[in-house]
Protein chains: 2
Amino acid sequence: MRLTTKGRYAVTAMLDLAIHAQSGPVSLNDISGRQGISLSYLEQLFAKLRRGGLVASVRGPGGGYRLSRDSSEINVAEVVDAVNESMDATRCHRRGDCQDGEECLTHHLWLELSDQIHAFLHGITLAQLIQRKEIRSTADRQDSIARNRIDAVLSTDDVTG
Amino acid sequence: MRLTTKGRYAVTAMLDLAIHAQSGPVSLNDISGRQGISLSYLEQLFAKLRRGGLVASVRGPGGGYRLSRDSSEINVAEVVDAVNESMDATRCHRRGDCQDGEECLTHHLWLELSDQIHAFLHGITLAQLIQRKEIRSTADRQDSIARNRIDAVLSTDDVTG
DNA sequence: GTATATCCGACTATTTCAGTCAACTTTAGA
DNA sequence: TCTAAAGTTGACTGAAATAGTCGGATATAC
Ligand code: FES
Ligand code: FES
């Protein structure tokens, strides 16, 4: 079992997508700027998210990514899964055969843990998350920082160029 | 967050210890034979378990390891923790500072997941586990295989030596 | 004193993560 | 039609962790 930056970034990026959905496709460049994730790395992640059927792409200028389903129909477990981070805690991938084809002493324990984790992550949709006030305020902060950065670049251009 | 063979082996070995506690100290050699874990690797793990205060050692012939507390006072979370496999799902180690010193979008989500996992693992003691019938029967199977192996070695010695 | 055990440190092969880089295709808009 | 903005793809990398192995040192029951 493993949850690393890869899976966390994937959920973060999907949330960013859900939050900014109303203004058309969202470019990876925007997500990169707001969430502090490298553009190249995002490209890798979105290749998997697209293959997993979670997002659809729009190429060309003004393009980007859209959720392929409503945010209320996408849960966190799916997102983590799509980038190949299995939340399965067993060693045998639920087969019960990790000691000479038989169950090891701890098989049932890890099975139950897996079910707990899966139930938790499966029960939370992107739509639910973006309703939360702590997430809304974090998103607002990120948006205003992004706007300031654009303003700063523009005024620097005015002065130096 | 990470749960790999290291943490699983640690729990397996501690369970084996708890099951065979009544017959004095248990040697790593016995655990290795019953659980199919390499002796050298077990030595590494038990060094950490000992440093973590979960087991005590008895050196010399007939020696081995004992639980340093009653099996009802040792929970699974402690064991996994002792071998340095953190079940913390956050990126910031609960500090809430993983994006420029501020909370990232998903901080609270991972915090809640961490709490779920910890509550689950913390709530299960070794004593509870060795009461379970599926674990008892697995342990019985392992014991009889180990006995057969010893018998086979002895009779082979009789024939060839 | 010897066999049995724990202790300890160094070593290694493999895998994954986290990220970079270069080159390519598609397409909106001037 | 040209260009720049975007996605698409594959190869590459450094660092870290995993899952061990190996050799030897130390303690101790018999
Ligand atoms: S974890 Fe399933 S058999 Fe060991
Ligand atoms: S996970 Fe805690 S701030 Fe990002």
Side-chain angles (χ1 to χ4, degrees), chain A residues 1-13 17 20 23-33 35-52 54-68 80 83-86 91 98-99 104 150, chain B residues 1-13 17 20 23-33 35-52 54-68 80 83-88 91 98-99 104 150:
Chain A
M1 182 176 66
R2 163 183 302 129
L3 176 67
T4 64
T5 306
K6 200 200 301 190
R8 291 190 204 104
Y9 278 177
V11 176
T12 303
L17 219 54
H20 299 91
S23 38
V26 181
S27 77
L28 295 189
N29 221 330
D30 288 355
I31 299 180
S32 171
Q35 306 302 333
I37 308 173
S38 106
L39 176 60
S40 308
Y41 201 39
L42 278 174
E43 286 171 357
Q44 264 188 54
L45 297 180
F46 273 80
K48 296 190 177 188
L49 293 171
R50 190 165 54 88
R51 271 179 241 131
L54 294 176
V55 299
S57 65
V58 180
R59 298 178 75 151
Y65 287 91
R66 284 180 292 102
L67 297 180
S68 58
V80 174
V83 292
N84 304 340
E85 293 218 304
S86 171
R91 189 190 185 197
C98 84
Q99 189 180 10
C104 69
I150 291 169
Chain B
M1 183 176 65
R2 166 184 301 129
L3 176 67
T4 64
T5 304
K6 201 199 300 191
R8 291 188 204 106
Y9 277 176
V11 177
T12 302
L17 220 53
H20 300 90
S23 40
V26 181
S27 77
L28 295 189
N29 221 331
D30 289 355
I31 300 180
S32 170
Q35 306 303 332
I37 308 173
S38 105
L39 175 60
S40 308
Y41 200 38
L42 277 175
E43 287 172 358
Q44 263 189 54
L45 298 180
F46 273 80
K48 297 191 175 185
L49 293 171
R50 190 167 53 88
R51 271 178 243 133
L54 294 176
V55 298
S57 66
V58 180
R59 298 178 75 153
Y65 287 92
R66 284 180 291 102
L67 298 181
S68 58
V80 175
V83 293
N84 305 338
E85 292 217 304
S86 170
M87 289 284 98
D88 181 12
R91 189 190 186 197
C98 85
Q99 190 180 12
C104 68
I150 291 168

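If you're wondering where the values come from, they're calculated on a predicted model, not measured in any experiment. Side chains included, hydrogens not; waters and symmetry mates left out as well; all remaining heavy atoms used. All chains are named by letter (A, B, ...) in the order of the sequence lines, taking the proteins before the strands, and each is independently numbered beginning at 1.
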Query - Position toward the 5' end of DNA chain D (nearest nucleotide), A:Gly60 or A:Ser40 - result: A:Gly60
Query raised in the report: Within this structure, what is the CD-to-P distance between A:Glu85 and C:dT16, rounded to whole angstrom?
Result: 12 Å
Query raised in the report: Under 4.0 Å: is that the gap between some side-chain N or O of B:Lys6 and OP1 or OP2 of D:dT18?
Result: yes
Query raised in the report: So, is A:Tyr41 near the phosphate of C:dC21, with a side-chain N or O under 4.0 Å from OP1 or OP2?
Result: no
**Report entry** Spacing of B:Ile37 atom CD1 relative to D:dA19 atom P, expressed in whole Å
**Finding:** 12 Å
Requested in this report: Output yes when at least one side-chain N/O atom of B:Ser57 is less than 4.0 Å from OP1 or OP2 of C:dA5, else no.
Outcome: no
Query raised in the report: With respect to the side chain of A:Leu28, which nucleotide from D:dG20, C:dA28, D:dG7 is positioned closest?
Result: D:dG7
Query raised in the report: When only distance counts, do a donor and an acceptor, one from the side chain of B:Gln44 and one from the base of D:dG20, lie under 3.5 Å apart?
Result: yes
Query - Residue met sooner reading DNA chain C from 5', once A:Leu39 and A:Asn84 are mapped to nucleotides - result: A:Asn84
Query - Rounded distance (Å) that lies between atom C1' of D:dG7 and atom CG of A:Leu49 - result: 14 Å
Query raised in the report: When the distance from CG of A:Leu3 to C1' of C:dC17 is rounded to whole Å, what number comes out?
Result: 13 Å
Report task. Rounded off to whole Å, could you give me the CG-to-P distance for the B:Leu42 and D:dC22 pair? Result -> 16 Å
Query raised in the report: Does a nitrogen or oxygen in the side chain of A:Thr5 sit under 4.0 Å from OP1 or OP2 of C:dA18?
Result: yes
Report task. Tell whether B:Arg59 reaches the base of D:dT26 with its side chain through a donor-acceptor pair below 3.5 angstrom. Result -> yes
Requested in this report: Would you indicate, yes or no, if D:dG7 has its OP1 or OP2 atom less than 4.0 angstrom from a side-chain nitrogen or oxygen of A:Ser27?
Outcome: no
Query raised in the report: If you pin A:Gly7 and A:Gly62 to their nearest nucleotides in DNA chain C, which one's is more 5'?
Result: A:Gly7
Query - Heavy-atom pair of closest approach, residues A:Gln99 and A:Cys104 - result: OE1-CA, 4.0 Å
**Report entry** Phosphate-side-chain proximity, B:Arg91 and C:dA18, N/O vs OP1/OP2 below 4.0 Å
**Finding:** no
Query raised in the report: Among the nucleotides C:dG19, D:dT9, C:dC7, which one has an atom lying closest to any side-chain atom of A:Tyr9?
Result: C:dG19
Query raised in the report: Using a cut-off of 4.0 Å on non-hydrogen atoms, how would the nucleic acid contact of B:Phe46 be classed: base, sugar-phosphate, or nothing?
Result: nothing
Query raised in the report: Would you say C:dA18 has OP1 or OP2 under 4.0 Å from some side-chain N or O of A:Thr4?
Result: yes
Query raised in the report: Which word best sums up how the rings of A:Tyr65 and A:Phe46 line up, parallel for under 30°, tilted for 30 to 60°, or perpendicular for over 60°?
Result: tilted
Query raised in the report: Does A:Arg50 put a side-chain nitrogen or oxygen below 4.0 Å from OP1 or OP2 of D:dG7?
Result: no
Query raised in the report: B:Ser68 side chain to B:Leu54 main-chain N or O, any donor-acceptor pair under 3.5 Å?
Result: yes
Query - Donor-acceptor pair, side chain of B:Ser57 and main chain of B:Arg59, under 3.5 angstrom - result: no
**Report entry** Among C:dT6, D:dA19, C:dC17, the one nearest A:Arg2 by side-chain distance
**Finding:** C:dC17
Requested in this report: Grab the NZ-C1' distance between B:Lys48 and D:dG20 for me, whole Å please.
Outcome: 13 Å
Requested in this report: Please state how far atom CD in A:Glu43 lies from atom P in C:dA22, giving the value in whole angstrom units.
Outcome: 13 Å
Query raised in the report: Would a distance-only check, ignoring hydrogens and angles, find a side-chain to backbone donor-acceptor pair under 3.5 Å from B:Ser32 to B:Leu28?
Result: no
**Report entry** For atom CG of A:Leu45 and atom P of C:dT20, their distance in whole Å
**Finding:** 12 Å
Query raised in the report: Is the backbone of B:Thr4 close enough, under 3.5 Å, to the side chain of B:Glu85 for a donor and an acceptor to pair up by distance?
Result: yes
